[in-house]
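Beneath this line is the structure, given in structure tokens, with notes to follow.
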Amino acid sequence: MTASRLQIDHVSCYNYSGVVHSSYNELRLTPLSTMWQQLLDLRVEVSPRAPIFTYIDYWGSQVHAFDIHAPHEALTVIARSLVESSGQRWEERELGWDAFARDDVKDPFAEFLEPTGCVPADERLSEIGSTLSSAASPSDAAAEAIKWVGESLTYRSGTTGVHTSAIEAWDGGSGVCQDFAHLSLALLRSMGIPARYCSGYVYPDGDNRLGERVAGESHAWVEYWVGDWIAMDPTAGRPVDAGHVLVARGRDYSDVVPLKGIFHGGPTSSMDVEVFLTRLS
Amino acid sequence: MGDLLDSYALAHPHGRPAWDEMFASPGTPRPRTRTLCETLQSLSAGELEARAAQRDRMFRDRGITFQLSGEERPFPLDLIPRLIHEDEWQKLERGVVQRVRALEALLADVYGAGRIFDDGVIPRSLVTSSEHFHRAAWGIEPANGVRVHVAGVDVVRGGDGHFYVLEDNLRCPSGVSYVIENRRMMARIFPELFASHRVAAVDSYPAKLLESLRASAPAGISDPTVVVMTPGVYNSAFFEHSFLARQMGVELVEGRDLACHSGRVYMRTSDGEREVHVIYRRVDDDFLDPLQFRSDSLVGCPGLLNVARAGNVTLANAVGNGVADDKLTYTYIPDVIRYYLAEEPLLRNVATYRLEVPDQLEQVLSRLDELVFKPVSGSGGYGIVIGPEASDEQLEVLRRDITTNPRAWIAQELVALSTAPTWVGDRIAARHLDLRPFAVNDGNDIWVLPGGLTRVALPEGGLVVNSSQGGGSKDTWVTVGAARRRIAASSKSTGQSGVARPNGATSDDRPAAGTPVVVPDPGPNWEDPDRLHQQERQQQQQQQQQRTPFGKDRTGC
């Protein structure tokens, strides 16, 4: 897809097993405005109703924060956004490996090189990384790394959870987009290539007509820096394009959690999330 | 007539001569400690023991105890005060003020524009790899620009007689309650010492703290509600939390007494909810707001950080300050001072090695048995390895640790901490000590409590002074002028020892003018021929401090 105007409806519903007396929540559901992506409209509604406080966090994501103090048994969050995208672009630059060893290159990207809870360092992975990096230039090795992840994981939902690490998913051999992204980050960072986690949405492949509301999902992919930031979707095994809507970036999933909160009361009995995308042009 | 000091020997830890706070050489007291020395000489061991017993009884009666390995003990106050003359104190004080100014500027930059990284003074990775760098605090603008409402800057005196900074404490520095209680205790059990010395008062601290907390209230709040927030009675510093709340006349609350809704924080009282504007919190960052940090925290209050972000409550000290008192950041502080203030540091750092730098690591590995090693994330003296005292096995473990995780450690040259005469049960002997001066920043002025907490390593030759390691303490006297001068109990409140005191308001409860009693703690109320001169100097200092980059207009109060 080369250019698009998409409407995204993101509906989340928590059903609690008892009465909740107070809950505190943060949403990271606002598509970013970038060089290639414009947020045209956004509406966030929560039920029970509550005043919403917004701020921009350290990573540049817009956060909606709210708390609810009326007794409630369910919480619904509806975020509707309208986004125009021309597709992420980047410049192909040929940097040698020596550049990635220089402090003045590494330091600005320090936090995209360090291991995290979901993206731990792993010796076996580092060996794969050094095999790839010894055979190719940084940009070719990075592309190979994305390819390797696609071959090492099978897409299967339900085998991993939100806290599964890249290595756990790799050992299990399967996962969802989040796991593909985490494993890509782990391999890229092991080679010394700065890499960050991206969350958002992707317009599903298929013969969809303009104006048709189609079911989608939250999605995750990666960006890595080889002279410029390159955005790749390891789950799909292809570059990011105008069908991708970028919401937030961070070191891993925990920096960009779409909905997080705590509440006083019984445990959540169920959580339903539905995403619908409508292509308007 | 006793002879308690006759066999007093100076210490030479690991072959390095230590500076003694009282004696220039064996048998020869330093000029300004002669009076104290003479008083001690006039006492017998029996008299000191009797006073020690009185002290323990009074501390126990008043519940001033310290928990050590699960046991409540009377706070270990040594009977012999440590004297620092105001001439020397003023230098130290200026150094502490300078340091706090620079640390404030560093925090504002780290949680804001990050100019210092762009200018290459400190690497960004230093901050991003610190476990105390809280991204959730990024973008929170404190109402009067202050993040370090209270600082404790730990200093030691080296063998050369100079003070060196050992570490900065910008999160929840504790110990000030012991400074005040120690002074009260000393006035009771050693009144004759106060009759022969003029000592700068310490009991104005709570009033100073309250003033600075009120000054940090959100804009537009003219009469802010201030509270002290404690993790609860089981915290080892609970005594201090309740002490400060009582002395300031504000509520002491726990997380469960607070509730955030719709962007404001309220305290639950018997009359219903009351809005809170400033929280002097003694709860660690990680436990403060379970929405942002540890979700399993039971001592925090969910939503607090976003109320601070909205500008409706001030958290003192600010969240995320630990990035500036990180032991690795410490190594850059002299450069940080030069960068933000364009001044040379007035206080030196102890020579410290960064183990992430290959050359420095190599040098350190060849000198393991000479240096001191500290875990970067540790506090309270836990995990410190003193090379010359460590066994071969310990050094081998250390070698492995620092090679695999160099970011987790710093190495320092061993400082032969200065010593002072200390009562050790049957005699007076030299024991090593440090000093934690406390600085309070109200946005216009950084005030340093004259004296601070002197901690003593009680085991012979010991160099670790932390009270969590069984250390003791000493009352620390900033002495003014020459000894044995008449004390005039004037009620006029002016400055003291050149310390800037903008409005002189204190909570002192001392006798009124002319009362013919010995005033144990004369504090700022004395007649001094140099007073006018001092006031002048004080005004200059205030003016200078008003020009500090973070000295925004005070709100409230």
Side-chain angles (χ1 to χ4, degrees), chain A residues 20-28 48-70 101-117 121 123 163 194 196 248-252 254-257 259-265, chain B residues 110-112 114 116-131 133-141 256 258-266 273 289-298 300-312 320 356-358 404-405 407:
Chain A
V20 166
H21 293 279
S22 69
S23 77
Y24 295 84
N25 308 276
E26 283 195 344
L27 314 174
R28 284 169 173 79
R49 287 170 64 89
I52 294 177
F53 170 66
T54 62
Y55 71 95
I56 305 292
D57 74 8
Y58 175 79
W59 303 107
S61 315
Q62 186 174 50
V63 183
H64 290 76
F66 61 94
D67 42 75
I68 295 171
H69 301 280
R102 280 184 12 224
D103 280 342
D104 62 322
V105 175
K106 283 190 327 195
D107 195 55
F109 304 124
E111 42 207 339
F112 300 121
L113 285 164
E114 286 154 18
T116 68
E123 268 181 38
H163 301 298
R196 60 195 182 192
R249 297 174 174 128
R251 291 164 299 177
D252 66 16
S254 62
D255 287 334
V256 299
V257 181
L259 285 95
K260 74 170 182 179
I262 56 169
F263 55 88
H264 299 295
Chain B
V110 162
Y111 289 105
I116 196 165
F117 308 128
D118 300 338
D119 289 337
V121 178
I122 62 175
R124 186 181 297 271
S125 59
L126 173 80
V127 164
T128 59
S129 63
S130 167
E131 61 172 313
F133 177 49
H134 287 310
R135 292 164 179 83
W138 186 85
I140 297 182
E141 281 290 335
R256 61 184 173 189
L258 298 175
C260 300
H261 41 93
S262 310
R264 296 184 186 269
V265 54
Y266 299 89
E273 292 192 329
D289 181 351
L291 178 61
Q292 302 294 346
F293 305 115
R294 288 181 59 153
S295 58
D296 60 345
S297 169
L298 298 173
C301 173
L304 213 44
L305 222 58
N306 282 343
V307 180
R309 197 186 312 281
N312 292 329
E356 285 179 304
V357 181
T404 49
N405 196 359
R407 173 67 174 87

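All of these numbers come straight from a predicted model, not from anything done at the bench. Numbered from 1 within each chain, the chains take letters A, B, ... in sequence-line order. Both backbone and side-chain heavy atoms feed into the values below; hydrogens, waters and symmetry mates do not.
You'll find the side chain of A:H264 reaches within 4.5 Å of the side chain of B:P302, heavy atoms only. Looking only at side-chain heavy atoms (C-beta outward), A:K260 and B:Q292 come within less than 4.5 Å of each other. Put simply, the side chain of B:R407 does not reach to within 4.5 Å of the side chain of A:E114, judged on heavy atoms.
For CG of B:L298, the number of neighbouring non-hydrogen atoms (other residues, nucleotides, ligands) closer than 6.0 Å is 12 at most.
Interatomic distance, B:R309 CZ to A:T54 OG1, rounded to the nearest 0.5 Å: 11.0 Å. For the atom pair CD1 of A:I262 and CG of B:D296, the computed distance is 10.5 Å after rounding to the nearest 0.5 Å. Here CG of B:N312 is found 8.5 Å from CZ of A:F53. Values are rounded to the nearest 0.5 Å.
Per-residue counts of heavy-atom pairs under 4.5 Å with chain A were compared for B:A137, B:S262, B:G139, B:S295; the largest is that of B:S262. For chain B, the option among A:A50, A:G261, A:P108 with the highest count of heavy-atom pairs below 4.5 Å is A:P108. Put simply, of B:G303, B:A310, B:G114, the one with the most heavy-atom pairs under 4.5 Å next to chain A is B:A310. Counting heavy-atom pairs closer than 4.5 Å to chain A, the top residue among B:C260, B:A136, B:P290 is B:C260. The greatest number of non-hydrogen atom pairs below 4.5 Å with chain B, out of A:F109, A:F66, A:W59, is found for A:W59.
Both the backbone and the side chain of A:Y24 come within less than 4.5 Å of a heavy atom of chain B. A:I68 does not touch chain B: none of its heavy atoms, backbone or side chain, sits under 4.5 Å away. Using a 4.5 Å cut-off between heavy atoms, A:D107 touches chain B through backbone and side chain atoms alike.
Residues B:W138 and A:I56 share a closest heavy-atom pair of CZ3-O, 4.0 Å.
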